[in-house]
There are 2 protein chains.
Amino acid sequence: MAAVLGLEGEIATVAPHVDFVRIGEQVGHSSLLIDGLAGRFGQNGDGGRQITCFYIAGDMADLMSLMSPTTGWGMMALTPMTILKVPHAELRQLTLAYPGIAEAFWRDSVADGSILSEWVVNVGRRDSITRVAHVFCEMALRFEQAGLGDRISYPFYITQADLADATGLTSIHVNRTLKVLRERSIVDFRLGVVRVHDWTKLVAIGDFDPAFLLLNAQAPRIAERG
Amino acid sequence: MAAVLGLEGEIATVAPHVDFVRIGEQVGHSSLLIDGLAGRFGQNGDGGRQITCFYIAGDMADLMSLMSPTTGWGMMALTPMTILKVPHAELRQLTLAYPGIAEAFWRDSVADGSILSEWVVNVGRRDSITRVAHVFCEMALRFEQAGLGDRISYPFYITQADLADATGLTSIHVNRTLKVLRERSIVDFRLGVVRVHDWTKLVAIGDFDPAFLLLNAQAPRIAERG
DNA sequence: CGGAACGTTGAGGAGAATCAATTATAGTGG
DNA sequence: CCACTATAATTGATTCTCCTCAACGTTCCG
């Protein structure tokens, strides 16, 4: 179920801060993230954005659109991105031919929901420093799991403004929060890299329990990376 | 795919504020909600709760546990509740025998994720009155869709404290917010009933777009109610 | 060298939390 | 049927995060 599904589709590149799925848009394909970082997001009436989930290389970014072609959400590139646009028709054929793949896709949607649920908690019941630390913890384990870094240091090319949209804060407050985390020698963040100085402290201050990542479940990832 | 799947399992009743799935627990069944209101939730380090999704009669409340038996979330009863505990083994057999059912379950997980994503936005990027109004809008349409009420008046037996846990506010602030909504003749809430006086205003103040409910998608609901 | 994107810092204000009582409401048993 | 109790709702006063507004600094790249 891992590496090679032999998915065919159109390779595309997306510039940072471009919405590759607009809210309410009807899409006919899902996007396998080959490189870069993407975010699922929603908006409030004032145009304020809230990123609700990150997707990294290897993730099938809007697999859910297969079940709901008219999306109630949007997908944006956070970094320069390369994606493989896989037509829904092809994915449909796969799921019909191989029930195991259908199940893996379903499992992926459940894992997605688990992350989303944790984000509701993060944004609803945690203060700023905890929110930011929690995001760093989550991404540390996800990048580590994907073989794209480790929990002590991993590539995270995201602006403070986008980090603010992910944590439900303002970029100004995120900036101040990052300063505190840096001064306490817990984690050092700058555009592109997260450097964790004290993982134990980060987990503690981030109120982090990795259970929601469902890392023990089999094969939520669609593709590997060379 | 609707009404009668002929699901077999154990009927159980659950008292309000009882966790019928604890965080991190391993479960061997999913719970079809026959009557009452349930909530998926997470907790922060101080024990503060955040409800991340509501489930109403007819919903398969923890279907996702089939894909992730060791949950990273909890499920609590918000009202006196009647559930049908359907063993995972039985659900597995169903999905193996009928791919259409597997797909419906998958679609249900996607719909779930869509609601969760919207809740991240609600809690992360909206002020108190908008958050509360948004919840009232969502539940209005869901109860209406389920045939358990209509958007003008529906049963919603939830305490202000639980509403606070759903909106990421304190019960005190929820109380004050409800007062404002009442004084503006938009919506009147008391334990058990929501009475909408001005649906248009409620939608406007709640910054509500029903797209995320995926109501146009087919058959997300597992069972109907007499 | 100049502009654009991103980050940093300060001052003041607003929304929501906290602390602390007090008042309904509903269910229970005598 | 009513006192009793527990749960839920309401209100006030105060505090504190985080937001807003505003300006300035830094880095990178054409």
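The analysis underlying the following values was restricted to heavy atoms, covering all of them including side chains, and did not include hydrogens, waters or symmetry mates. So that the names make sense, note that chain A is the first sequence line, chain B the second, and so on, each numbered from 1.
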**Message:** Going 5' to 3' along DNA chain C, which are the first and last nucleotides with any atom under 4.0 Å from a heavy atom of chain A?
**Reply:**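 The footprint of chain A covers C:dC6 to C:dA11.
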Considering only distance and modelled atom types, tabulate donor-acceptor pairs under 3.5 Å from the side chains of residues 188-196 of chain A, sequence neighbours left out.
none

**Asked** To the nearest 0.5 Å, how far apart are CD1 in B:Ile129 and CD1 in B:Ile186?
**Response**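 Output value for this atom pair is 6.0 Å.
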**Asked** Rounded to the nearest 0.5 Å, how far apart are CG of B:Leu66 and NE2 of B:His29?
**Response**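 Rounded to the nearest 0.5 Å, the CG-NE2 separation comes out at 12.0 Å.
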**Message:** Considering only residues two or more places apart or on different chains, which pairs with a residue in residues 145-158 of chain B satisfy salt bridge (Lys or Arg N to Asp or Glu O under 4.0 Å)?
**Reply:**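 Checked against salt bridge (Lys or Arg N to Asp or Glu O under 4.0 Å) - neighbours excluded - the pairs reaching residues 145-158 of chain B are B:Glu144-B:Arg151.
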**Message:** Show me the pairs that pass salt bridge (Lys or Arg N to Asp or Glu O under 4.0 Å) and involve residues 68-82 of chain A, at least two apart or across chains.
**Reply:**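 Sorted result for residues 68-82 of chain A: empty, none.
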**Item:** Derivation and outcome, side-chain contact (heavy atoms from CB on, under 4.5 Å), residues B:Leu84 and B:Glu8
**Value:** CA-CA 8 Å; B:Leu84 179 69; B:Glu8 298 201 6; over 6 Å; no
**Request:** May I ask you to check whether B:Asp127 and B:Thr130 show a side-chain donor-acceptor distance below 3.5 Å?
**Result:**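 Note: B:Asp127 and B:Thr130 side chains meet the donor-acceptor criterion.
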**Message:** Does anything in residues 33-61 of chain B form a ring-ring contact (aromatic ring centres under 6.0 Å, His included)? List the pairs, not counting sequence neighbours.
**Reply:**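 Of all non-adjacent pairs touching residues 33-61 of chain B, those that pass ring-ring contact (aromatic ring centres under 6.0 Å, His included) are B:Phe54-B:Trp119, B:Phe54-B:Phe156.
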**Request:** Applying side-chain contact (heavy atoms from CB on, under 4.5 Å), name anything that partners A:Thr52, two or more places apart in sequence or on another chain.
**Result:**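 A:Arg40, A:Gln50, A:Leu116, B:Ser117, B:Val120, B:Val121.
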**Request:** Could you tell me which residues satisfy side-chain contact (heavy atoms from CB on, under 4.5 Å) with A:Glu118, sequence neighbours excluded, listed by chain and number?
**Result:**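 If we apply the side-chain contact (heavy atoms from CB on, under 4.5 Å) test to A:Glu118, skipping adjacent residues, the hits are A:Arg126, A:His134, A:Phe212.
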Identify all side-chain donor-acceptor contacts of residues 17-27 of chain A below 3.5 Å with residues at least two apart in sequence or on another chain.
unit_1: A:His17; atom_1: NE2; unit_2: A:Asp162; atom_2: OD1; d: 3.4
unit_1: A:His17; atom_1: NE2; unit_2: A:Asp162; atom_2: OD2; d: 2.6
unit_1: A:Asp19; atom_1: OD1; unit_2: A:Arg49; atom_2: NH1; d: 3.0
unit_1: A:Asp19; atom_1: OD1; unit_2: A:Arg49; atom_2: NH2; d: 3.3
unit_1: A:Asp19; atom_1: OD2; unit_2: A:Arg49; atom_2: NH2; d: 2.8
unit_1: A:Arg22; atom_1: NH2; unit_2: A:Glu25; atom_2: OE2; d: 3.4
unit_1: A:Glu25; atom_1: OE1; unit_2: A:Arg22; atom_2: N; d: 2.7
unit_1: A:Gln26; atom_1: OE1; unit_2: A:Thr70; atom_2: OG1; d: 3.3

**Message:** Could you check whether A:Arg125 pairs with B:Asp165 (Lys NZ or Arg NE/NH1/NH2 to Asp/Glu carboxylate O, under 4.0 Å)?
**Reply:**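 Answer for the salt bridge query: yes.
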**Prompt:** Tell me: NE2 of B:His17 to P of D:dA6, nearest whole Å?
**Reply:**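 Atom-to-atom, B:His17 to D:dA6, this comes out as 17 Å.
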**Message:** Just to be sure I understand the geometry, which residues of residues 166-185 of chain A put a non-hydrogen atom under 4.0 Å away from DNA chain D?
**Reply:**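 Under 4.0 Å from DNA chain D: A:Gly168, A:Leu169, A:Thr170, A:Ile172, A:His173, A:Arg176.
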Please tabulate, one pair per line, all N/O donor-acceptor pairs under 3.5 Å involving side-chain atoms of residues 166-185 of chain A, not counting sequence neighbours.
unit_1: A:Thr167; atom_1: OG1; unit_2: A:Leu163; atom_2: O; d: 2.8
unit_1: A:Thr167; atom_1: OG1; unit_2: A:Ala164; atom_2: O; d: 3.3
unit_1: A:Thr170; atom_1: OG1; unit_2: A:His173; atom_2: N; d: 3.2
unit_1: A:His173; atom_1: NE2; unit_2: A:Ser128; atom_2: OG; d: 3.3
unit_1: A:Asn175; atom_1: ND2; unit_2: A:Gln160; atom_2: OE1; d: 2.9
unit_1: A:Thr177; atom_1: OG1; unit_2: A:His173; atom_2: O; d: 2.7

**Rounded to 10 degrees, the angle between the two terminal axes of the helix from C:dC1-D:dG30 to C:dG30-D:dC1, each from five pairs** =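 One end axis against the other gives 40°.
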**Item:** Per-nucleotide protein contact string for nucleotides 24-30 of chain D, where B marks a base within reach and S marks sugar-phosphate only (heavy atoms under 4.0 Å, - for neither)
**Value:** -------
**Earlier contact from the 5' end, DNA chain D, for A:Arg126 and B:Gln160** =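 Its nearest nucleotide lies further toward 5', so the answer is B:Gln160.
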